[in-house]
Protein chains: 2
Amino acid sequence: MGMDLIDRKLLELLQSDATMPVAELAQKVNLSQTPCWKRVQRLKEAGVIRAQVALCDPRKLGVGTTVFVAVRTNQHTEEWAQMFTRAVQAIPEVVEVYRMSGETDYLLRVVVSDIDDYDRVYKLLIHAVPLYDVSSSFAMEQIKYSTALPVRETAIT
Amino acid sequence: MGMDLIDRKLLELLQSDATMPVAELAQKVNLSQTPCWKRVQRLKEAGVIRAQVALCDPRKLGVGTTVFVAVRTNQHTEEWAQMFTRAVQAIPEVVEVYRMSGETDYLLRVVVSDIDDYDRVYKLLIHAVPLYDVSSSFAMEQIKYSTALPVRETAIT
DNA sequence: AATGAAAGGCGCGACAC
DNA sequence: GTGTCGCGCCTTTCATT
């Protein structure tokens, strides 16, 4: 089954504000409440909408500094990968982790309060799992941060 | 004003699931509904809780591939910075942008469906603003992605 | 002064049409 | 897909310590 213009519009709206009442949502997509609500339910059941969460201000929580950590390993085994995955999952300051192509094996985004705080997380990480090489780059400013994914025609339900 | 253990617990809970009714929330922090609700309101008004949004599945929206783009500029002016900021803000595929220290000036996270799709976004970007150097790294796998920030004692309201 | 308990407004979630 | 109804949650007020 595909996803039409109305579903895409609904996703755009809910990705920017999930507190919006169904009545308002329905009005914005030129629909009545019930079919609008049914569409939203369908999108949730299909797993297109995964969750509904509160977003916090990093600075107000004392984690206004982002550090990107490029990690290289010399143990390309399944065991090491699992150990690494568990380690980063267990550290809440590590908010994003990607397995990369090219030079660096893994790229981490870490949120901390300052450089000293980063050193704490760094030590946590290297004690939890052996790393061949670690390169840290500090972000001076967050220009854009969006949890809203682009919704195009190619999407599938 | 500070933030106590209960507020921190509330933030943890709401960052993982904002659909949770206040009654359940109150129970989990050993409080009654009203004081619990008032605390949540305070956190919203203080801007600690910035928004409440729906999170979507990238693959189901056809943007399962993440590309990190390292950008260098040779025009270190305010005008260029503003132009660049406006450009990345206007492209929905660019979901995160950081001004970096070190070699690369800016780091972008871009979500696309595949390599051809990335080329489209790449062209959009270089046509919108002059870039001295662009280096793209593809992510093979998303190991971790969390919008939940760590909540520690150092937090301030 | 901040919490706990109770009452009203209102949006969510199922029915027929 | 549209309109209607009932249930349950959010929100407010009052009494309490």
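Throughout, a chain's letter reflects where its sequence line sits, starting with A, and its residues are numbered from 1.
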Restricting both atoms to N or O, compile the protein contacts to nucleotides 10-12 of chain D shorter than 3.5 Å, with distance only.
residue : atom : partner : partner atom : Å
D:dC10  : OP1  : B:V22   : N            : 3.4
D:dC10  : OP2  : B:V22   : N            : 3.1
D:dT11  : OP2  : B:W37   : NE1          : 2.8
D:dT12  : O4   : B:T34   : OG1          : 3.3

Give me each pair satisfying ring-ring contact (aromatic ring centres under 6.0 Å, His included) with a member in residues 121-148 of chain B, each pair once, sequence neighbours excluded.
B:Y118-B:F138

Non-hydrogen side-chain atoms of B:V112 and B:V63 separated by less than 4.5 Å
no

side-chain hydrogen bond (donor to acceptor under 3.5 Å, both in side chains) partners of B:D117, counting only residues at least two apart
A:R152, B:S113, B:R120

Residues A:V88 and B:K144: closest non-hydrogen pair is O-NZ, 2.9 Å

Could you work out, with side-chain contact (heavy atoms from CB on, under 4.5 Å) as the rule, every residue matching A:A139, not counting sequence neighbours?
A:T66, B:Y98, B:M100

Sorted by number, the residues of residues 24-32 of chain A with heavy-atom contact under 4.0 Å to DNA chain D:
A:L31, A:S32

Looking at C:dT3, I'd like to know if its phosphate oxygens (OP1 or OP2) sit under 4.0 Å from a side-chain N or O belonging to B:R39.
yes

Could you pull out every donor-acceptor pair under 3.5 Å between side chains of residues 19-32 of chain B and any protein atom, sequence neighbours left out?
residue : atom : partner : partner atom : Å
B:T19   : OG1  : B:D17   : OD1          : 2.6
B:T19   : OG1  : B:D17   : OD2          : 3.3

What is the distance from atom CG of B:D105 to atom NE2 of B:H76, rounded to the nearest 0.5 Å?
5.0 Å

Evaluate the ring planes of A:F68 and B:F68, with Trp represented by its six-membered ring, and classify them as parallel (under 30°), tilted (30 to 60°) or perpendicular (over 60°).
perpendicular

